[in-house]
Amino acid sequence: MVCDGESRSLNFIEEIITNDLENGVVDSIITRFPPEPNGYLHIGHAKSICLNFGLAIQFDGKCNLRFDDTNPTKEETEYVESIMNDVKWLGFEWANLCYASDYFDQFYKWAIDLINAGKAYVDDQSAEDIRQNRGTLTKPGEDSPFRNRSIEENIDLFKRMTEGEFEEGSRVLRAKIDMSSSNINMRDPVIYRILKRSHHRTGDKWCVYPMYDFAHGYEDAIEGITHSICTLEFQDHRPLYDWFIENVDVPHVPRQYEFARLNLTFTIMSKRKLLELVTSGIVSGWDDPRMPTICGFRRRGYTPESIRRFCKEIGVAKSDSMVEVELLHYCLREELNRTAQRGMAVLRPLKVVLENWPDGFVDELDAENNPEDENSGNRKVRIGKEIYIEREDFMEEPSKKFFRLAPGTEVRLKYAYIIKCKEAIKDENGEVVELRCTVDMDSRGGNAPDGRRIKGTLHWAWTGDAVEAKINLYGNLFTLKNMNDMEEGKDYQDYLDPESLVVIEDALVEPILANAKPMDKFQFLRHGYFCVDAESTPEKPVFNRTVSLKDSWGKISAGNRRGSR
RNA sequence: UGGGGUGUAGCCAAGCGGCAAGGCAGCGGACUUUGGAUCCGCGACCGAUGGUUCGAAUCCAUCCACCCCAGCCA
């Protein structure tokens, strides 16, 4: 297990910070997690959160939660609330709660400074003209005809822009850098656009809003961020980031570093597409257990610990990566195996009558709550003449490696007795509907009196006290391992897995499970980890499968047709 | 074809000139009242080609592949 105190090699950002600290470049570090409140956080954000907050903890620094709310057309308070909630749930505390919008006045002053320094100008060109004159990857751009206006005129125009005198799209403020730069970001980027929208925090105070490149470095400068960590696609923006910082009098000079964002197999991470899944009703909401959102994982039964562990295991580097979901599954199982209470649930029941069981007799046996935890104690399970076993635990014509129940074979009922199959009763369609078995009454507890080895052990439910339950079996939302490899002409929705949710209405669970509270987590013996759904009641309990147990029999029997769940 | 990045086992990822960490997945075995867990064992000559060096995944050169950039999104 990787513990916090365990020594391991540093990732490149930890190395940079270590050097900066040792060389006195900085005395202590301040990082930030800067989401735009235009959607719910997903597992990719979790990587960034663990990185930024983790660094602050590791180096005894601070980390701010900052909402990068510079575009009122897409941002809402619903999102800021969910983001705060998710960050807290992951187990992190921010040093300061910040909003880019709190700095709008300062941004405005710096914009004026740039104009006064002859480094910004108001451009009257249309968006289309600006695009035309920007050039292409191989062709340099051309100067705007408005590039050399006087400082006075620029100041006047910009002020009138902010006062709402002009229509959206009619003018922008641009940085005056270099229209022939090989880095397109440096070709006089737009720094303010007219947006007559009301902002979730500043209301109608502003008619102009700053662009990311202009605002972000200043946000960092204001907060004293020492290491501004973002994803790879911003590498090309770093020269711009530095340019804005250098050309104005800032209180602090932050530095930007970039790392590779997380990609997960069988998953999409695009906020736009996730929003579509929600609005189209393909999933039940941002917190649908199949969504890669933090709240989706939470409802699915994931723990904050397991997600943090996952983020630690995947590492931080600069090469584009596609992490297999199996690693996430592993991190969850690793924790839940140690902590989850065990219980028996029969998902697809097959009735079994124990012919020689004494009529009316009910036995009560001890069952371990968690074999991995000595302190977890035991519980009582009851059994009588008629029980249910898992339908797939019986095979009329067993294959050679099948060591569960079959005509004439013996199997152990977990915690209880050894039984032997006498006969399979079928209905008119030839489907097995009931098993007649004999029980070795001397094998109470599951041990054969003569010491004979019983290889198969089955979970079961007693007809006398089993409770009917609804069970949601969740799997991957998509069928394609690498969603970047979609076929030409196909859409991500063409890859939705129709079996990403399979509902079982009439499973049978032991009584203790029926009385659990929402979000309680269990291991259903031989099945996997499940959590109690929010809608669960003692009369009709509902469980969500978080992840299945590793299933080596599944691989043998079916050639692993569907991958892990 | 301009610029910026990245290329180490199926997937992540260490390595910073001295003879390739670790994890996941996979495979084999032991053990097992969860075909779970646990335990043991198994895999690379480092994108390619040249060069420098006693010695290179690590330095140099050339080439190749992949990713990002032409929003008044972030």
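As the structure is a computational prediction, the values presented were derived from the model and not from experiment.
Every side chain to side chain donor-acceptor pair (under 3.5 Å) that Y103(A) has, sequence neighbours left out, goes to E223(A). Partners of E233(A) according to the salt bridge (Lys or Arg N to Asp or Glu O under 4.0 Å) rule, which considers only residues two or more places apart in sequence or in another chain, are R261(A).
Looking at heavy-atom distances under 4.0 Å, D236(A) makes contact with a base. No contact: E128(A) has no heavy atom under 4.0 Å from any strand.
When ring centroids are compared, F234(A) and H216(A) stay outside the 6.0 Å threshold.
If you check the side chains of N71(A) and E36(A), you find no donor sitting under 3.5 Å from an acceptor. The closest side-chain donor-acceptor pair between H527(A) and E390(A) falls under 3.5 angstrom.
Listed candidates were A37(B), A74(B), G5(B). Nearest to the side chain of N337(A) is A37(B).
In this structure, F214(A) and F244(A) have perpendicular ring planes: the angle between them is above 60°, well past the 30° mark.
The side chain of Y212(A) places no N or O atom within less than 4.0 Å of a non-bridging phosphate oxygen (OP1 or OP2) of C73(B). Checking the phosphate oxygens (OP1, OP2) of C72(B), a side-chain nitrogen or oxygen of R134(A) falls inside 4.0 Å.
Nucleotides G55(B) and G17(B), compared at atom C1', are 8 Å apart to the nearest Å.
The stretch residues 31-46 of chain A touches RNA chain B through E36(A), each having a heavy atom within less than 4.0 Å of the strand.
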